Amino acid sequence: MANVLITGTNRGIGLALTRHFIEQGDSVIATCRKPSVELRACAGVRIEAEVDITDSASLDALRERLGRTRLDVLFLNAGILESGGLADLDFESVTRQLEVNAVGPLRTLVALRPLLRRGSKVALMTSRMGSIADNTSGGSYGYRMSKAALNAAGKSLSIDLAQQGIAVAILHPGWVSTDMTRHSGNVDPDEAARGLIARVDALTLETSGTFWHADGSVLPW
Ligand SMILES: NC(=O)c1ccc[n+]([C@@H]2O[C@H](COP(=O)([O-])OP(=O)(O)OC[C@H]3O[C@@H](n4cnc5c(N)ncnc54)[C@H](OP(=O)(O)O)[C@@H]3O)[C@@H](O)[C@H]2O)c1
């Protein structure tokens, strides 16, 4: 049984990940800003509320509450998507997406790093939209920039944490039917969660730092 901590678990993919890790017998610490009815209904989960990934004080308080808990899997899932084409670019929105999607996971990792041990795994929920090679449609400046920055952080983390025996997966979940996509995705959150967990299970120090689709294919930077 692994200790798994997931961010952004009150809905969407984070909620599905929480349910699937519990189903396979793992011990889940589900963090969120405010728990939802659905999250509260997950039997056996440890809910840690008031955790905002942009707020170091809330992350330090979480680490204090966790004490000496060892984290086998740290799943940095929380994120936001705001539209932003060239014609109506809102720089506050660009900055907000960088703060939540790129800085937030790094801030969380740094706060919780003392709880990671040799053999622990870190999963970063990025997006194919952060791939520069794969960008054929333009637009979405803030989201694309933030996820490309997260990919860069993930690669550095895979190098810097290797000496401690900690592996890092950089993951795209597919186009998933959640609030983020206004439920237009072609993958349901359960299917996405199954694929994402399979990638974490298969992750080794040798494959650390790879950018994967949940279906197992390797994505271009
Ligand atoms: N859905 C897709 O097709 C898709 C594709 C590629 C990548 N992704 C990535 O997958 C992850 C999950 O997406 P989703 O589709 O499940 O989206 P979602 O349904 O909108 O859920 C986003 C989650 O992130 C949390 N969150 C946002 N800002 C936060 C903050 N500052 N502190 C703590 N939690 C915060 C939200 O909590 P609140 O309820 O408190 O806002 C919510 O739990 C995101 O990183 C997203 O970029 C999704």
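Atoms within a ligand are numbered from 1 in the order they appear, just like the ligands themselves. Note that the structure is predicted; figures quoted are calculated from it, not measured.
- L112 places a side-chain heavy atom less than 4.5 Å from the side chain of L62.
- Summary of contacts: the protein heavy atom closest to atom 35 (C) of ligand 1 is A78 CB, 3.6 Å.
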Would you give me the side-chain donor-acceptor pairs under 3.5 Å for residues 155-169, sequence neighbours excluded?
{"unit_1": "S158", "atom_1": "OG", "unit_2": "K155", "atom_2": "O", "d": "2.6"}
{"unit_1": "Q164", "atom_1": "OE1", "unit_2": "R113", "atom_2": "NE", "d": "3.3"}
{"unit_1": "Q164", "atom_1": "OE1", "unit_2": "R113", "atom_2": "NH2", "d": "2.4"}

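- Residue I13 has at least one nitrogen or oxygen atom sitting less than 3.5 Å from a nitrogen or oxygen atom of ligand 1, judged on distance alone.
- Protein heavy atom in closest approach to atom 17 (O) of ligand 1: M180 CB, 3.4 Å.
- Counting only heavy atoms from C-beta outward, the side chains of L15 and C42 approach each other to under 4.5 Å.
- In the vicinity of W175, heavy-atom distances shorter than 4.0 Å reach the ligand 1 atoms 3 (O).
- Separating the CG atom in L86 from the OG atom in S140 is a distance of 12.0 Å, to the nearest 0.5 Å.
- For the pair K147 and ligand 1, a heavy-atom separation below 4.0 Å is found.
- Listed by chain and number, the residues in a ring-ring contact (aromatic ring centres under 6.0 Å, His included) with Y141 amount to none (sequence neighbours excluded).
- The closest approach between K34 and ligand 1 stays at or above 4.0 Å for every heavy atom of the residue.
- Interatomic distance, R194 CZ to H20 NE2, rounded to the nearest 0.5 Å: 5.5 Å.
- The protein heavy-atom contact nearest to atom 22 (C) of ligand 1 is G79 O, 3.5 Å.
- Residue contacts with ligand 1 do not include L81, since none of its heavy atoms lies under 4.0 Å from the ligand.
- At least one heavy atom of T126 sits under 4.0 Å from some atom of ligand 1.
- Any N or O atom pair closer than 3.5 Å counts here, and T181 shares no such pair with ligand 1.
- Ligand 1 has at least one atom lying under 4.0 Å from a heavy atom of V51.
- Looking only at distances, no side-chain donor or acceptor of N10 sits under 3.5 Å from a matching main-chain atom of P35.
- Residues A133 and P220 share a closest heavy-atom pair of CB-CB, 3.9 Å.
- Residue contact annotation: P173 has a non-hydrogen atom under 4.0 Å from ligand 1.
- Backbone and side-chain nitrogen or oxygen atoms of T54 are examined, and none is located within less than 3.5 angstrom of a nitrogen or oxygen of ligand 1.
- Heavy-atom proximity to G12, at under 4.0 Å, picks out these atoms of ligand 1: 16 (O), 19 (O).
- For ligand 1, one of its N or O atoms has an N or O atom of G8 under 3.5 Å away.
- For M129, no heavy-atom contact with ligand 1 is shorter than 4.0 Å.
- Under 4.0 Å from ligand 1, the heavy atoms of T178 that appear belong solely to its side chain.
- The shortest contact between atom 11 (C) of ligand 1 and any protein heavy atom is with N77 O, 3.1 Å.
- The distance from the CZ atom of R199 to the NZ atom of K121 is 11.0 Å, given to the nearest 0.5 Å.
- Two residues are said to be in side-chain contact when any heavy atoms from C-beta on lie closer than 4.5 Å; H172 and M125 fail this criterion.
- Remark: ligand 1 and I80 share no N or O pair separated by less than 3.5 Å (distance only, no angle test).
- Taken to the nearest 0.5 Å, the OG1 atom of T18 stands 11.0 Å off from the CD1 atom of I29.
- Checked by distance only, ligand 1 and V176 come closer than 3.5 Å through their nitrogen or oxygen atoms.
- In terms of protein heavy atoms, atom 9 (C) of ligand 1 is closest to M125 CG, 3.6 Å.
- When only interatomic distances are considered, the shortest N/O to N/O separation between Y143 and ligand 1 falls below 3.5 Å.
- Between T54 and V103, every side-chain heavy-atom pair lies at or beyond the 4.5 Å cut-off.
- Closest to atom 42 (C) of ligand 1, if we only count protein heavy atoms, is N10 OD1, 3.5 Å.
- Residue-to-ligand polar distances keep S127 apart from ligand 1: every N/O pair is separated by 3.5 Å or more.
- Protein heavy atom in closest approach to atom 5 (C) of ligand 1: G174 O, 3.3 Å.
- Contact check for I53 versus V100: side-chain heavy atoms found under the 4.5 Å cut-off.
- Between T9 and V45 the shortest side-chain heavy-atom distance does not fall below 4.5 Å.
- N101 has its side chain out of reach of L150: every pair of non-hydrogen atoms, C-beta onward, lies at least 4.5 Å apart.
- Looking at S137 and R144, their side chains come closer than 4.5 Å, going by heavy atoms from C-beta outward.
- Taking CG of L203 as the reference point, atom CD1 of I170 lies at 10.0 Å (rounded to 0.5 Å).
- Below 3.5 Å of separation, one finds no N or O of H172 facing any N or O of ligand 1.
- Considering backbone and side-chain N/O atoms, R33 comes within less than 3.5 Å of an N/O atom of ligand 1.
- Of all protein heavy atoms, the one lying nearest to atom 19 (O) of ligand 1 is R11 NH1, 3.4 Å.
- The closest heavy-atom contact to atom 31 (N) of ligand 1, among the options N101, L17, D52, T7, comes from D52.
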